[in-house]
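Throughout, a chain's letter reflects where its sequence line sits, starting with A, and its residues are numbered from 1. This is a predicted model, so every value here is computed, not measured.
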Amino acid sequence: MDSKELIARRVAMELVDNTLVNLGIGLPTLVANYVPKGVHVFFQSENGIIGFGAPPPEGMEDEHLTDAGGGFVSALPGAVAFDSAVSFALIRGGHLAMTVLGGLQVDRHGRLANWMVPGKLVPGMGGAMDLVSGARRVVVAMAHTQKGVAKIVADLSLPPTSARRVSLIVTDLAVIEPTDGGLVLRETAPGVSVADVVRATEAPLIVAEDVRDMVLA
Amino acid sequence: MDSKELIARRVAMELVDNTLVNLGIGLPTLVANYVPKGVHVFFQSENGIIGFGAPPPEGMEDEHLTDAGGGFVSALPGAVAFDSAVSFALIRGGHLAMTVLGGLQVDRHGRLANWMVPGKLVPGMGGAMDLVSGARRVVVAMAHTQKGVAKIVADLSLPPTSARRVSLIVTDLAVIEPTDGGLVLRETAPGVSVADVVRATEAPLIVAEDVRDMVLA
Amino acid sequence: MRTAIDPATAAGLVPDGASVMVGGFMGVGSPHRIIDALVARGARGLTIIANDTARPGVGIGKLISAGCVARAVVSHIGTNPETQKRMIAGEIAVDLVPQGTLAERIRAAGAGLGGVLTRTGIGTLVADGKVVLRVGGEDFLVEEALGADVALLAARTADYSGNLAYALTARNFNPLMAMAAKLVIAEPDEIVPVGVLPPDAVHTPGVVIHHLLERRRHG
Amino acid sequence: MRTAIDPATAAGLVPDGASVMVGGFMGVGSPHRIIDALVARGARGLTIIANDTARPGVGIGKLISAGCVARAVVSHIGTNPETQKRMIAGEIAVDLVPQGTLAERIRAAGAGLGGVLTRTGIGTLVADGKVVLRVGGEDFLVEEALGADVALLAARTADYSGNLAYALTARNFNPLMAMAAKLVIAEPDEIVPVGVLPPDAVHTPGVVIHHLLERRRHG
């Protein structure tokens, strides 16, 4: 199992039956492959649909039906289409139970940066600021480090996506929960020690009394 | 011809082809009966439809299709239904070419009062404040006096519906246009003299150089 | 999937003293069976948020006449003399809100907005005590979001997952209220299997609906 | 009734230097034939208001590559390296707006609102220079209405009177932009007689549409 699958399978354990969920582009999209048995979630794509499905059979693609990345998808029975104002009303109005987003950095307060690297890369925030400000739960799914550099940092060096604290950070090494007191290490990945996680993390970590092994979907 | 028909037929001359028009409850509703030949207007009912028509044949009524007064109507080919936010987006967003409303008073600045009589009658503003603030043209259709008391007054004694100046006042005696300089008497009804109008009006009137006879649809 | 509940159960989910949005415009598009059940259970002290109080004996008018309502936040009461009478007697407080502002305030609550800026009401009693902001050289009233504990809706069609489609002028405030309350109960004319409503025909996504009223049972 | 115009006529109605809303999300739901005609006529200095600039060679990406655009007001440009390159070269100014805020600002312009209050952007670069209002004990950014000179839309179906229905995720910003510009041109996949679209299936009332693009002609 590669680290992306590991992260996706751990995040999938956070899915709650009968709720609305948004998955960001990239790694977070993989979460849809590991929905636990007996759990039914409604996946929203912010370009305007709830209930999209896997890409259609070749030749069946509809130019009016894509995901937020512009890739062809299908629609499941019961799917609903809507405009961008309704889509973000769902996201910002407290109707979205959970969003899963990639991250460039998370700081000791649990604030996320994931929309630009000044002077280098300015892709824009797309829907990320709305998702982080509006979803009931915000789960960051990302590699713990990039090229050996910690992404969970004491202070953001990149512009924040929102002033709001995210709900959970899931990486290839650990599950970390931002709290009022700071970042709490809750779980470690298979074969990873608490010391490994602390070493790979720049921000101070509070080690939970009962650090568990990651449970994967 | 009674005075209501007179007012309605004069207001109908203000209708412009291919535009969106809202008619208030009561007298203004009659305007729909006198749309000039060759003019096609789209009538909006603020409860959520453009393109409603006359009451349906008996037994054909649909409990889901009424006008803003709750009376059964029909829908013309090309009719569109929408929710109350869209309905008032049309009204307030500059999409409504004209609204025709009843009035209790209009003052020398052309400000309308038509939603309450303190201590006596508090029906509420319904959509009137939105219509007066939002329509591109606001036409007030009302009797010139009530029980001999002038309704076009120097200063409102009733709470205004909007700070905005209305576009035109059509009564059973005259057509009066509020301008920067004051209320201008433009037209008189058949058999009515300028002196008659001035006598029945409390607000100062500027008599246009070319006061004309009302032209009726 | 949603579960279908009967009218008495629905009425039981609306606590006395709750703020309750009720869809409908002069009773058209109102959840009539739930309203009857609220009257039957003797609900008290409700704050009703709606376009109007209809007429005596019709829709929300029944709640007024039955003494269920302590406060009404509406755009007009002119069609219901009973509301006027109870207001004058001090039994019901009435907050009058311009209809377009009412729609936007409810929409704002459902969309996670703190409020909207509107021209409507500037220079009138409606502006009393409100913040005025200047944007682009023009004054706008700040009108705050208006949410509720419960929303009671009517719809033409629901599917098993709660997706709703409305008919003609019975749509009115229903889709706005569907997004703006903590608990949302919809009373559809018919309930169809998932997949029967095409994605573009759905006006309210089922994910915001908590309960459907069960279909009407015959004799 | 609306008249149907050809793509060159449509492009001729969009003056150089105009602010132009363009429907679409990564090119899905964009008015492709009008975009091609704008490129063909060599439009210059446009301010494009849209969700994104798609990819090079796709939708709005064609306007970027052809040098038609002086400014882009969008939620992201990450999918179009050409936009990034021209921004760095100082050829295109880019205003980044959170996607939900962009939708609400456009909707506000179409609905006659001065703006909306939103949580999105609080504590970020987006808040720079903006008014913050406290409502219900919470801070909200005031985000002002955003209108345009022209809106160019795509739709699935139009009827002769301009009523529009969209399909699936090709709807996106189109219905919002339909309300928010002084001149609105829609490019439908098909045009049907009045009465073919049921009233509840119409997503944009024809009264706000000025022109329809004529149907595609074969051979």
Side-chain angles (χ1 to χ4, degrees), chain B residues 25 45-52 62-75 79-94 109 111-113 115-116 118-134 156 158-164, chain C residues 23-29 32 51-55 58-59 72 74-80 83-84 87-88 94-104 106-108 110 118-127 139 154 156 166-177 189 203-204:
Chain B
I25 294 172
S45 187
E46 67 264 30
N47 54 327
I49 190 164
I50 293 173
F52 65 95
D62 181 348
E63 60 181 0
H64 306 94
L65 181 53
T66 58
D67 61 22
F72 291 117
V73 293
S74 57
V80 188
F82 35 78
D83 68 40
S84 297
V86 171
S87 192
F88 282 86
L90 287 164
I91 289 167
R92 317 208 293 187
H109 305 295
R111 285 193 312 170
L112 171 69
W115 71 282
M116 76 174 290
K120 267 180 82 175
L121 184 75
V122 190
M125 68 292 282
M129 286 192 177
D130 303 291
L131 286 160
V132 179
S133 303
L156 296 177
L158 301 174
T161 302
S162 171
R164 186 180 166 200
Chain C
F25 197 112
M26 291 293 294
V28 176
H32 296 289
N51 182 64
D52 56 66
T53 58
R55 286 170 290 144
V58 173
V74 293
S75 78
H76 73 84
I77 57 172
T79 54
N80 192 332
T83 311
Q84 296 240 12
M87 179 182 71
I88 291 161
V94 175
D95 300 343
L96 290 170
V97 181
Q99 204 165 108
T101 296
L102 186 63
E104 288 292 340
I106 294 170
R107 182 185 177 277
T118 178
R119 288 180 189 94
T120 301
I122 288 278
T124 77
L125 294 176
V126 167
D139 282 342
R156 175 76 191 83
Y166 309 94
L168 299 163
T169 59
R171 192 183 318 186
N172 56 69
F173 280 77
N174 285 295
L176 310 174
M177 293 171 170
D189 294 345
H203 298 123
T204 293

Counting only heavy atoms closer than 4.5 Å, note whether Leu65(B) contacts chain C via side chain, backbone, both or neither. both
Any side-chain heavy-atom pair of Asp62(B) and Leu168(C) under 4.5 Å: yes
For Ser87(B) and Arg171(C), test the side chains for any donor-to-acceptor distance below 3.5 angstrom and give the result as yes or no. no
Looking only at Ile77(C), Thr124(C), Asn172(C), the option with the highest number of non-hydrogen pairs under 4.5 Å against chain B is Asn172(C)
Can a donor-acceptor pair be found between the side chains of His64(B) and Asp189(C) at a distance below 3.5 Å? yes
Measure distances from Pro159(B) to the heavy atoms of chain C and classify the residue's part below 4.5 Å as side chain, backbone, both or neither. side chain
Turns out that what part of Thr161(B) lies under 4.5 Å from chain C's heavy atoms comes down to backbone
Between Ser84(B) and Leu176(C), is there a side-chain heavy-atom distance shorter than 4.5 Å? yes
Of all of Val73(B), Val122(B), Val132(B), Ile49(B), which one pairs up most often with chain C through heavy atoms under 4.5 Å apart? Val122(B)
Any heavy-atom pair between the side chains of Leu96(C) and Trp115(B) that's under 4.5 Å? yes
Chain B: which of Gly123(C), Gly78(C), Ala54(C), Ser75(C) shares the most heavy-atom pairs with it under 4.5 Å? Ser75(C)
Should Leu125(C) and Met116(B) count as side-chain neighbours, where that means a heavy-atom distance under 4.5 Å? yes
So which of Arg55(C), Gln99(C), His203(C), Met87(C) has the biggest tally of heavy-atom pairs under 4.5 Å with chain B? Gln99(C)
Which heavy atom of Gly121(C) sits nearest a heavy atom of Ser133(B), and at what distance? N-OG, 4.3 Å
Just by modelled atom types, is the Gly100(C) backbone N or O under 3.5 Å from a matching donor or acceptor in the Asp130(B) side chain? yes
Side-chain heavy-atom pair Met26(C), Thr66(B) within 4.5 angstrom cut-off: no
Does Pro98(C) reach the side chain of Met125(B), with side-chain heavy atoms less than 4.5 Å apart? yes
Let's test your reading of the structure: which of Thr118(C), Val94(C), Asn51(C), Val74(C) forms the most heavy-atom pairs below 4.5 Å with chain B? Thr118(C)
Side-chain contact, heavy-atom cut-off 4.5 Å: Arg92(B) with Glu104(C)? yes
Mind ranking Gly48(B), Ala85(B), Gly70(B) by heavy-atom pairs under 4.5 Å with chain C and telling me who comes out on top? Ala85(B)
Counting only heavy atoms closer than 4.5 Å, note whether Ala68(B) contacts chain C via side chain, backbone, both or neither. both
